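Whatever order the structure lists them in is the order used to number ligands and atoms, beginning at 1. Everything numeric in this text was worked out from a predicted model, so none of it was measured.
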Amino acid sequence: MFERILYIAHDHLNRSRGVLREANPATDAVVLVESERMTTGRNWHKERLFFLISSARHFAADLESQGFTVRYIKAPTTIDGILAARKEFGELPIHCAEPSSFKQLAQLREFGAEFIANDFFLTSRPLFDQWASSQKTYVMENFYRAQRARLGILMVDGKPVDGRWNFDADNRLPPPKNYEWPPYLEHTRDKIDEQVAAQLGFEPTKSWATTRAGALKQLENFIEHHLDGFGPYEDAVAADNWALHHSLLSPYLNNGLLHAGEVVEAVIGAYERKGLALQSVEAFIRQVIGWREYINGMYWFLGEDYRNLNGLGATRKLLPVFTDSSKTKMNCVGSVVADIEARAWTHHIPRLMILSNLALTTGTNPQEFLDWMREQFIDASDWVMVPNVIGMAVHADGGKLMTKPYASGGAYLSRMTQHCKGCFYDPKKRVGDDACPFTTLYWDFLDRHKDEFVKNHRMSQQVNGLKRLSDLPELRLRAKEVLAGLDAGTI
Ligand SMILES: Cc1cc2nc3c(=O)[nH]c(=O)nc-3n(C[C@H](O)[C@H](O)[C@H](O)COP(=O)(O)OP(=O)(O)OC[C@H]3O[C@@H](n4cnc5c(N)ncnc54)[C@H](O)[C@@H]3O)c2cc1C
Ligand code: SF4
């Protein structure tokens, strides 16, 4: 009979990782739990719920077809689900991979689960801890170079291929005009998908796969049609295409259907076989072995209380536009929120330079913004949202992660996006009824925080720019109107 119960979290769906790596169908019973907290506890985006639940159900069915005894249990909480499995299988020890959030780690530890090391990343938690503990500041670039050397990726004789670590300077092109983007890959739906969609009362898009086979198809599609062009347009925001050349792989990397190791291997293999552009391959590799691993490492390194930081004392309530794209005349913000409403995803630059920029410069409470992002994105997990939002997006950590806040006015957005043309507002104006709210708020934000920012050598030049504004009193008044209008959903 069974000797262990293996608990598989909804973000550990991988047969060769975590507790399944050495699982034995003869002696291990497998349990997945769809907890009520996970499905109804918050205002979750239905596309996200559909993706997570349907992926887990497909995964459970796959394991069964491989000879495992699997129970997919619906219960009020994860622990209730595990207790129900114990009722059936007996008082067996519960084994699982180290959970991916502080909360679940504490719950399962208290319950007495036995953990095996989390190997869903390329960098173990102790290894990252070792790196971070040896640093004075936690600069991602330094971590990334150490990763390249440690993993031997894009390296020759201990040096970076072509003698450069970084091609960022070549990769900041604005969106191209009259460009033909490759068609979107659509994923077909099966019986399990239909059941989950019916349970949720929701018609999902075809944007996201819910099986490993589908995730692999997405990887193949990225390598075939997008990888070569990834670098140059990675920061651009187009009006006629929501994906550009981004990989759309984050949901699968985060729920376990894909592992970073196999994604890197496939990308490097294609680079070597097809001679793809190094500036694109390096840019993508940087995201996966650099940013992704760094963010996960920092989540654990910075500790559980990091999520509560609010270094800029931001107290504004979440703006209505975040939950209803019609509550703004700002073309960029309205379009990006509409994209999220449609498919629970938008790429990095809209997340950072549009949504987060708005939250940062309006002084929106970091925890309210974090909760919203966590609920709305298909790829959101605690470990990835907390450092990205608290550290990168709204600078609530006083600069532990990023040396300066990512605030910008309309000039940057009019260069890098196609949204300003046809917008009610004028990106060049900072005062007046048609002034771009981002431009007004950018200066107002610097003005409000000038005493702190002037001490930061990376910000002092921007802050000193305030001295050149002859219309500062007028700008302060306009900023008040903009903030009131955003609160009312009329700007
Ligand atoms: C405020 C904010 C919130 C974010 N929230 C999430 C989130 O909840 N989940 C998530 O996976 N990513 C998050 N990101 C990072 C990044 O925006 C997404 O990983 C990316 O847009 C996913 O699309 P893609 O797979 O097409 O990425 P690509 O552009 O193709 O990049 C490849 C991969 O790199 C990794 N990556 C790149 N940047 C980051 C980063 N900053 N942190 C972690 N991984 C990164 C992702 O795994 C991604 O799939 C956030 C960024 C910001 C600024
Ligand atoms: S003018 Fe300002 S608000 Fe309008 S799209 Fe451009 S940046 Fe956004």
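- The protein non-hydrogen atom at the shortest distance from atom 39 (C) of ligand 1 is Trp291 CB, 3.8 Å.
- For Met373, every heavy-atom contact with ligand 1 shorter than 4.0 Å involves the side chain, none the backbone.
- Residue contacts with ligand 1, taken as heavy atom pairs separated by less than 4.0 Å, involve Ser356 solely via side-chain atoms from C-beta onward.
- Side chains of Gln367 and Asn310: no donor on one and acceptor on the other come within 3.5 Å.
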Notebook entry, point to check: When you look at Phe438 and Tyr412, which way does the ring pair (Phe, Tyr, Trp, His ring centres under 6.0 Å) test go after all the steps?
Noted result: CA-CA 10 Å; Phe438 272 124; Tyr412 170 87; 10.0 Å; no
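- Of all protein heavy atoms, the one closest to atom 47 (O) of ligand 1 is Arg292 CD, 3.2 Å.
- Listed by number with element, the atoms of ligand 1 under 4.0 angstrom from any heavy atom of His347 are 21 (O).
- For ligand 1, the atoms lying closer than 4.0 Å to a non-hydrogen atom of Ala380 are 8 (O).
- Both the backbone and the side chain of Asp379 come within 4.0 Å of ligand 1, judged by heavy-atom distances.
- Of all protein heavy atoms, the one lying nearest to atom 38 (N) of ligand 1 is Gln287 OE1, 3.5 Å.
- A donor atom on one side chain and an acceptor atom on the other are not found under 3.5 Å apart for Glu234 and His348.
- Below 3.5 Å of separation, one finds no N or O of Phe284 facing any N or O of ligand 1.
- Side chain of Thr439 to main chain of Gly410: a donor-acceptor pair is present (N/O by atom type, distance under 3.5 Å, no hydrogens or angles).
- The nearest heavy-atom contact from the protein to atom 27 (O) of ligand 1 is Ser247 OG, 3.9 Å.
- Of all protein heavy atoms, the one closest to atom 29 (O) of ligand 1 is His246 ND1, 2.7 Å.
- Counting all heavy atoms, side chain and backbone alike, Pro232 lies closest to Ser280 at CD-OG, 3.5 Å.
- Close approach of ligand 1 to Ala393 (heavy-atom distance below 4.0 Å) involves ligand atoms 1 (C).
- Among Val384, Ile289, Val263, Val288, the residue whose heavy atom lies closest to atom 10 (C) of ligand 1 is Val384.
- Around atom 4 (Fe) of ligand 2, protein N, O or S atoms at less than 2.8 Å comprise Cys423 SG.
- Near Asn254, with a cut-off below 4.0 Å to any heavy atom, the atoms of ligand 1 are 9 (N), 10 (C), 11 (O).
- In this structure, the protein non-hydrogen atom closest to atom 13 (C) of ligand 1 is Arg351 NH1, 3.3 Å.
- Taking the six-membered ring where tryptophan is involved, the planes of Tyr179 and Trp181 are perpendicular, since the angle between them exceeds 60° and thus also 30°.
- The nearest heavy-atom contact from the protein to atom 17 (O) of ligand 1 is His348 ND1, 2.9 Å.
- Checked by distance only, ligand 1 and Leu248 come closer than 3.5 Å through their nitrogen or oxygen atoms.
- Counting atoms of ligand 1 from 1 in the listed order, those under 4.0 Å from a heavy atom of Trp345 are 22 (C), 23 (O), 26 (O).
- Side chain to side chain, Thr205 and Glu47 meet the donor-acceptor criterion of an N or O pair below 3.5 Å.
- When each atom of ligand 1 is checked for a heavy atom of Ser250 under 4.0 Å away, the hits are 11 (O), 22 (C), 23 (O), 25 (O), 49 (O).
- At a 4.0 Å heavy-atom cut-off, ligand 1 touches Phe230 through the side chain alone.
- Counting protein heavy atoms only, atom 2 (C) of ligand 1 is closest to Asn388 CB, 3.8 Å.
- How far NE2 of His449 is from CG of Asp447: 10.0 Å, rounded to the nearest 0.5 Å.
- Between the side chains of Ser54 and Asp193, at least one donor-acceptor pair of N or O atoms lies under 3.5 Å.
- Ring planes of Phe284 and Phe230: perpendicular class, angle over 60° (limits at 30 and 60°).
- Here Leu355 has no heavy atoms under 4.0 Å from ligand 1, in either its backbone or its side chain.
- Near Leu253, with a cut-off below 4.0 Å to any heavy atom, the atoms of ligand 1 are 47 (O), 49 (O).
- In this structure, the side chain of Arg286 engages the main chain of Trp165 through a donor-acceptor pair within 3.5 Å.
- Side-chain contact, Ser100 with His12: a donor N or O sits under 3.5 Å from an acceptor N or O.
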